[in-house]
Student: 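I'd like to ask you about the structure that follows.
First the proteins, then the strands, lettered A, B, ... as listed; each starts at 1.
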Amino acid sequence: MSLLAVQNLSLSFGGLKAVDDVSFSIEPGEVYAVIGPNGAGKSTLLNMISRFYHPSRGEILHDGKSLLECDASEIPARGIARTFQNIELFERATVLQNLLVGRQVHNTVPDWRQFVFTPDIMRAEREHRRKVEEIIDFLEIAHYRDMHVSGLPYGVCKKVELARALAVEPELLLLDEPASGLNPEETEEMGFWIDDIRRDLKITVLMIEHDMSLVDEVADRVLVLANGRVLTEGKFDDVKSHPDVVRAYLGETL
Amino acid sequence: MRVLFKQSYDQDIRIAKHRGHLIWYGLLLLSTLCAPLFVGSFYLGELSRVMILALAGLGLMFVTGFTGQVSLGHAAFVAAGAYANAWALSRGWPSLAAIPFAGFVSMLCGLAVAVPASRMSGIYLAIGTLAFAIIVEDGIIKLDGITGGNRGMAVEAPVFLGFRMWESWQLYYLCLFVLVACIFAVLNFMRSPVGRAMIAVRDSEVSARSLGVKVARTKIFAFAVSAAITGFAGALFSHYLQFISPEIFGVVLSIQLLLMIVVGGLGTVHGAIFGAALVGLLETGINLAKDYLPPGIGSQPGLEPLLFGIILVGFILFEPQGVYGRWVKIRSYFELFPLYRRKTFVRQRSYLKTDRMQ
């Protein structure tokens with residue numbers, strides 16, 4: 001069974017059909033990329049899967065169960081974590097605190113009880129910290145651990161956001177333009193991380209990306225959207241020479 | 001210069017991060033415990049007032065500084081605590097029941113505001129809480145069967161185990177105990193998952209949701225705890241004043257509390273304490289200085305608000321991080337002595353945040 005199945009998904013904002021009858025499915029362990037020109041509906045699609053938007057029609061199945069009755073805040077508990085296109089970190093907190101927020105879904109102590117720091121909370125805190133340190137090691141951000149996010153360079157912020165999503169311990173990771181704003185070296189590095197996440201952590205990745213070198217490097221399959229509709233799906237090499245895709249990106253030849 | 005060599009995660013989790021913390025805060029606690037031996041009853045009263053303000057400020061800090069919900073209505077929670085405490089004592093309750101009852105009543109008020117307020121933010125929330133404070137003030141006047149209305153209400157002295165505590169040093173210790181207990185409670189919240197959830201909600205609601213934080217519930221929780229702490233402050237305040245009437249808990253008190261935490265340093269426990277010390281002692285200082293100023297200046301009406309205003313504007317212009325922020329800079333100047341640079345604390349925003357999906 002596929003890990004995530006999107007069936008006939010549609011969403012209109014007033015008269016604008018942002019996403020129109022999109023269907024695809026993602027198999028466990030693959031890196032699935034969604035590409036398309038600006039305004040194609042890629043981010044809208046991701047926001048529907050992470051439940052920030054509600055589709056006007058269609059179904060999203062995760063492990064065979066519908067995601068549509070979940071609120072956005074219940075999505076990480078289902079094993080799905082995401083990053084944002086324009087970094088959404090907690091700026092007035094340290095990198096470590098940011099990652100620890102990612103452990104929120106694994107917290108079992110009720111809120112009201114936390115004003116006395118009982119031994120079970122202490123144990124849980126140590127365990128959260130240990131998990132977070134594993135991720136800090138994995139992404140090599142130990143140097144920034146105690147720094148405030150507001151002073152960090154953009155490329156590091158991108159990595160911290162990725163780390164925070166990993167702290168959720170998801171089985172499916174949604175990445176909204178992981179390479180946007182990164183220079184070529186950082187983009188290449190991001191490719192290595194995504195590869196490692198898939199291979200070492202066994203996490204399935206759905207990513208939206210504009211950088212074709214990154215898509216070529218890491219994606220197993222590619223979905224092309226334009227004006228909210230699916231143009232084609234397949235291996236990157238087949239997709240990039242597809243006449244509809246060329247037309248969507250470059251326009252009609254006169 | 002202190003270099004921390006971390007060897008276990010517990011070092012980051014503990015409240016006292018290193019021995020320096022233990023020594024200095026221990027000394028502070030010791031000196032506050034010994035203060036009644038050396039300090040006269042007038043200044044003991046002033047210190048109690050500062051601690052009460054600090055407690056109310058701590059409550060406001062919880063919801064405004066840590067959770068990012070601006071409240072212009074915290075005087076209402078002080079009032080709820082004060083009247084609940086006075087009412088309970090008048091019915092013959094001991095203080096061990098009356099003070100928690102004050103916190104509980106205030107917390108219920110907090111929940112009543114928080115449920116609708118969790119859908120508001122920014123300026124709308126400020127206006128909403130302001131309206132709530134005005135409603136509470138009017139409500140106190142209308143409920144004159146319990147509260148004495150505009151005539152006010154006398155507050156009996158605290159009772160512990162059948163003993164009446166009339167002396168100012170007894171109130172001083174009561175305030176100190178409640179303040180220290182609440183500071184520890186807040187520190188524990190802030191190093192637990194719920195404290196991090198609050199900071200997450202403050203800095204980015206969108207990504208807090210995407211990480212599993214229940215935003216509305218976190219806001220309501222913060223409001224309730226904040227109201228309870230402020231209610232304790234109200235109970236102690238009623239003892240300090242010994243006579244309460246509705247106009248004490250007007251908008252001016254709410255604004256004073258907000259001013260306090262901004263001047264003290266938003267987003268830190270220290271900020272609430274420093275702010276209360278500055279605001280509380282400034283008032284006393286101005287009153288004392290009036291005797292020495294030339295009569296033309298000293299007897300001018302509106303001297304206090306003028307000075308308050310100047311100080312507030314000064315802080316916003318020159319030290320938005322508040323007294324605590326300034327203190328951190330001074331401390332690191334000495335810690336790093338020959339190496340400190342003026343730009344050490346300058347932060348630049350290297351990117352813009354998205355406004356989408358708000």
Student: Would one find more than 12 heavy atoms of other residues, nucleotides or ligands at under 6.0 Å from atom CZ of A:Phe13?
Tutor: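 Yes, the 6.0 Å shell around CZ holds more than 12 heavy atoms from other groups.
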Student: Do the charged groups of A:Arg129 and B:Asp10 touch, with an N to O distance under 4.0 Å?
Tutor: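 No salt bridge links A:Arg129 with B:Asp10.
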Student: How many angstroms lie between OH in B:Tyr9 and CZ in A:Arg126, if you round to the nearest 0.5 Å?
Tutor: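 Reported value, rounded in 0.5 Å steps: 11.5 Å.
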Student: Take A:Phe84 and B:Ser210 through the test side-chain contact (heavy atoms from CB on, under 4.5 Å) and record every step on the way to the result.
Tutor: CA-CA 10 Å; A:Phe84 293 86; B:Ser210 80; 3.5 Å; yes
Student: How long is the gap from CD1 on A:Ile121 to CG on B:Asn188, to the nearest 0.5 Å?
Tutor: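 Between A:Ile121 CD1 and B:Asn188 CG, I get 7.5 Å after rounding to 0.5 Å.
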Student: Using heavy atoms and a sub-4.5 Å threshold, report which of residues 215-223 of chain B line up against chain A, by residue number.
Tutor: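 The stretch touches chain A at B:Arg217, B:Phe221.
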Student: Examine whether an atom of A:Arg103 lies under 4.5 Å from a heavy atom of chain B, and if so say whether it belongs to the side chain, the backbone or both; otherwise answer neither.
Tutor: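 Nothing of A:Arg103, per the 4.5 Å heavy-atom cut-off to chain B.
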Student: Please rank B:Ala224, B:Pro193, B:Ala185, B:Ala200 by heavy-atom pairs under 4.5 Å with chain A and give me the top one.
Tutor: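 Option with the top pair count is B:Pro193.
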Student: Taking side chain as everything from C-beta outward and backbone as N, CA, C, O, which of these in A:Leu100 sits under 4.5 Å from a heavy atom of chain B? Side chain, backbone, both or neither.
Tutor: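 Both backbone and side chain.
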Student: Considering non-hydrogen atoms only, spot the tightest contact between A:Leu89 and B:Ser204 and give its length.
Tutor: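 For A:Leu89 versus B:Ser204, the nearest heavy atoms are O-CB, 4.2 Å.
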Student: For the CG atom on A:Asn227, are there more than 12 heavy atoms of other groups (residues, nucleotides or ligands in this structure) within a distance under 6.0 Å?
Tutor: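 Not buried by this count: 12 neighbours or fewer within 6.0 Å.
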Student: Report which part of A:Ala81 has an atom under 4.5 Å of a heavy atom belonging to chain B: side chain, backbone, both, or neither.
Tutor: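 No part of A:Ala81 comes within 4.5 Å of chain B.
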Student: Which value, rounded to the nearest 0.5 Å, describes the distance between A:Glu125 atom CD and B:Arg191 atom CZ?
Tutor: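 Separation between the atoms: 8.5 Å.
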Student: Taking atom CZ as the centre, does B:Phe104 end up with more than 12 heavy-atom neighbours from other residues, nucleotides or ligands that are less than 6.0 angstrom away?
Tutor: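 No, the 6.0 Å shell around CZ holds no more than 12 heavy atoms from other groups.
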Student: Going by an N to O cut-off under 4.0 Å, is there a salt bridge joining B:Arg209 and A:Asp71?
Tutor: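 A salt bridge links B:Arg209 with A:Asp71.
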Student: Counting only heavy atoms closer than 4.5 Å, note whether A:Asn107 contacts chain B via side chain, backbone, both or neither.
Tutor: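 Just the side chain, heavy atoms under 4.5 Å.
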Student: Do other residues, nucleotides or ligands put more than 12 heavy atoms under 6.0 Å from the CZ atom of A:Arg113?
Tutor: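 Enclosed: over 12 neighbouring heavy atoms sit under 6.0 Å from CZ of A:Arg113.
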Student: Does anything in residues 175-184 of chain A get under 4.5 Å of chain B by heavy atoms, and if so which residues?
Tutor: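 Within residues 175-184 of chain A, no residue comes under 4.5 Å of chain B, counting heavy atoms only.
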Student: Of all of A:Glu133, A:Gln97, A:Glu161, which one pairs up most often with chain B through heavy atoms under 4.5 Å apart?
Tutor: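 Looking at each option in turn, the highest pair count goes to A:Glu133.
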Student: Can you check side-chain contact (heavy atoms from CB on, under 4.5 Å) on A:Val105 and B:Leu211, steps first, answer last?
Tutor: CA-CA 7 Å; A:Val105 282; B:Leu211 293 168; over 6 Å; no
Student: Distance check, rounded to the nearest 0.5 Å: A:His128 atom NE2 versus B:Ile13 atom CD1?
Tutor: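 A:His128 NE2 to B:Ile13 CD1: 9.5 Å, rounded to 0.5 Å.
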Student: Would you say B:Lys329 has more than 12 foreign heavy atoms packed within less than 6.0 Å of its NZ?
Tutor: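 Check passes, neighbour count above 12.
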Student: Can you confirm whether A:Val109 sits close enough to B:Val194 that some side-chain heavy atom of one is under 4.5 Å from a side-chain heavy atom of the other?
Tutor: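 A side-chain contact under 4.5 Å is absent here.
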Student: For B:Arg19, does the CZ atom have more than 12 heavy-atom neighbours from other residues, nucleotides or ligands under 6.0 Å away?
Tutor: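 12 or below, so no.
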Student: What part of A:Leu96 gets closer than 4.5 Å to chain B, counting heavy atoms only: side chain, backbone, both or neither?
Tutor: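 Just the side chain, heavy atoms under 4.5 Å.
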Student: Heavy-atom distance under 4.5 Å to chain B: side chain of A:Ala93, backbone, both or neither?
Tutor: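 Contact with chain B is through both the backbone and side chain of A:Ala93.
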Student: Does A:Asp146 form a side-chain contact (heavy atoms from CB on, under 4.5 Å) with B:Lys6? I'd like the steps, not just the answer.
Tutor: CA-CA 12 Å; A:Asp146 291 323; B:Lys6 290 185 187 167; 3.2 Å; yes
Student: Hey, could you give me the CZ/OG distance between A:Phe117 and B:Ser192, rounded to the nearest 0.5 Å?
Tutor: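 It is 4.5 Å, given to the nearest 0.5 Å.
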Student: Taking side chain as everything from C-beta outward and backbone as N, CA, C, O, which of these in A:Val116 sits under 4.5 Å from a heavy atom of chain B? Side chain, backbone, both or neither.
Tutor: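 Just its backbone gets close to chain B.
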Student: Give the member of B:Gly212, B:Gly267, B:Ser207 that has the highest number of heavy-atom pairs under 4.5 Å with chain A.
Tutor: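 Going by pairs under 4.5 Å, I would pick B:Ser207.
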